Amino acid sequence: MYRLSNNFYKQDALTVAQKLLGKILVRCWEDSTVTRYLITETEAYLGEEDLACHASKGRTKRTEIMYSEGGHVYVYLIYGMYWMLNVVTGIVDNPQAVLIRGIDKIVGSGKVGRELKMDKSFYGENMEDSDRIWIEDAPDSTSFKTAPRVGIDYAGDEWKDKPWRFILDNTH
DNA sequence: TGCACGATCTCG
DNA sequence: GAGATCGTGCAT
């Protein structure tokens, strides 16, 4: 079991979103205890032309990190109370990210952020060398389902219906 | 400087 | 079905 490097995250967001299923999200707390979570659900957001992606609004202070190399953490506050955990993917100047929607029995991006005690300080954290949060490798999952992404009706028919949500199939 | 809204969840 | 709750982007 070893930590995924930035090389892994440099792949396309659709590829990373699929491959992250079944991998291990590791959270090291302030008291040095460590909790490991199985990643069960992800969503891919694909660049400026993807109207559901925050980067579709262009390069701003908030989306800046998405323009960096894959492997950085992108967190943001939604509805004034939930921190969404995303991983930046792709190469420099190619703003893509993968939203972590589910870990272990915890399904729902808001609950994931709460469970992991995410906050603004995680913005821009590099998962390759962070001592608080990273992802460890596991065999690629071959059994998963796809579905449309959640909560993006504003993006228009072309984008809101894309099956870019990936759900680990746990019926062995 | 102000305002409307959102990659959500919980409760009733 | 509505409220909680606040940073962001865009209008003023």
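Both backbone and side-chain heavy atoms feed into the values below; hydrogens, waters and symmetry mates do not. Chain naming here is simple, since letters A, B, ... match the order of the sequence lines and numbering starts at 1 in each. Quantities reported herein were computed from a predicted structural model and do not represent experimental measurements.
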Is A:Arg27 positioned over the aromatic face of A:Tyr37, cation under 6.0 angstrom from the ring centre and no more than 45 degrees off axis?
no
Polar side chain donor-acceptor pair, A:Ser56 to A:Glu48, under 3.5 angstrom
no
Using a distance-only test with no angle check, is there a side-chain donor-acceptor pair under 3.5 angstrom linking A:Asn7 and A:Ser5?
no
Out of C:dG9, B:dC9, B:dG6, minimum distance to the side chain of A:Lys111 belongs to B:dC9
Side chain of A:Leu77 (C-beta onward), nearest among C:dG9, B:dA7, C:dG7
C:dG7
Row check, A:Phe122 ring normal vs A:Arg132 NZ/CZ: under 6.0 Å, within 45°:
yes
Does B:dT8 have OP1 or OP2 sitting under 4.0 Å from an N or O in the side chain of A:Arg114?
no
Could you tell me whether the phosphate oxygens of B:dA7, OP1 or OP2, come under 4.0 Å of any side-chain nitrogen or oxygen in A:Ser109?
no
Do the side-chain N or O atoms of A:Tyr154 get closer than 4.0 angstrom to the phosphate oxygens (OP1, OP2) of B:dA7?
yes
Rounded P spacing from B:dC5 to C:dT12 in Å:
14 Å
Between CD1 of A:Ile152 and P of B:dC5 the distance, given in whole Å, is 19 Å
Residue whose closest nucleotide on DNA chain C lies nearer the 5' end, A:Lys120 versus A:Tyr82
A:Tyr82
To the nearest angstrom, the NE2-C1' distance between A:His54 and B:dT8 comes to 12 Å
Using atom CG of A:Leu46 as one end and atom P of B:dA7 as the other, report the distance to the nearest whole Å.
16 Å
Categorize A:Ala155 for me: base, sugar-phosphate, or nothing, with a 4.0 angstrom heavy-atom threshold over every strand shown.
nothing
Among A:Lys19, A:Lys23, A:Arg3, whose side-chain hydrogen bond (donor to acceptor under 3.5 Å, both in side chains) with A:Asp137 holds?
A:Lys23
Roughly how many Å is it from OH in A:Tyr76 to C1' in B:dG6, rounded to a whole number?
8 Å
Starting at atom OH of A:Tyr79, determine the distance to atom P of B:dA4, rounded to an integer number of angstrom.
17 Å
Could you give the OH-to-P distance, from A:Tyr74 to C:dT8, as a whole number of Å?
9 Å
Check every strand shown and say whether A:Gly80 touches a base, only sugar-phosphate, or nothing at a heavy-atom separation below 4.0 Å.
base
Report yes if the distance between the aromatic ring centroids of A:His54 and A:Tyr76 is under 6.0 Å, otherwise no.
yes
Tell me: CD1 of A:Ile78 to C1' of C:dG9, nearest whole Å?
13 Å
Given C:dA4, C:dC6, B:dT10, which nucleotide is nearest the side-chain atoms of A:Met81?
C:dA4
Looking for any heavy atom pair under 4.0 Å, which part of the strands does A:Leu99 touch: base, sugar-phosphate only, or nothing?
base
I'd like the P distance from B:dA7 over to C:dC10, given in whole Å.
13 Å
Distance, P atom - from B:dG2 to C:dT5, rounded to whole angstrom:
22 Å
Tell me: CE of A:Met66 to P of B:dA7, nearest whole Å?
11 Å
Which part of the nucleic acid, if any, lies within reach of A:Arg62 when heavy atoms closer than 4.0 Å are counted: base, sugar-phosphate only, or nothing?
sugar-phosphate
Tell me which nucleotide, if any, is Watson-Crick or G-U wobble paired with C:dG3 when both distances must be under 3.5 Å.
B:dC9
Decide, applying a 5.5 Å centre-distance limit and a 30° plane-angle limit (both strict), whether A:Tyr45 stacks on B:dA7.
yes
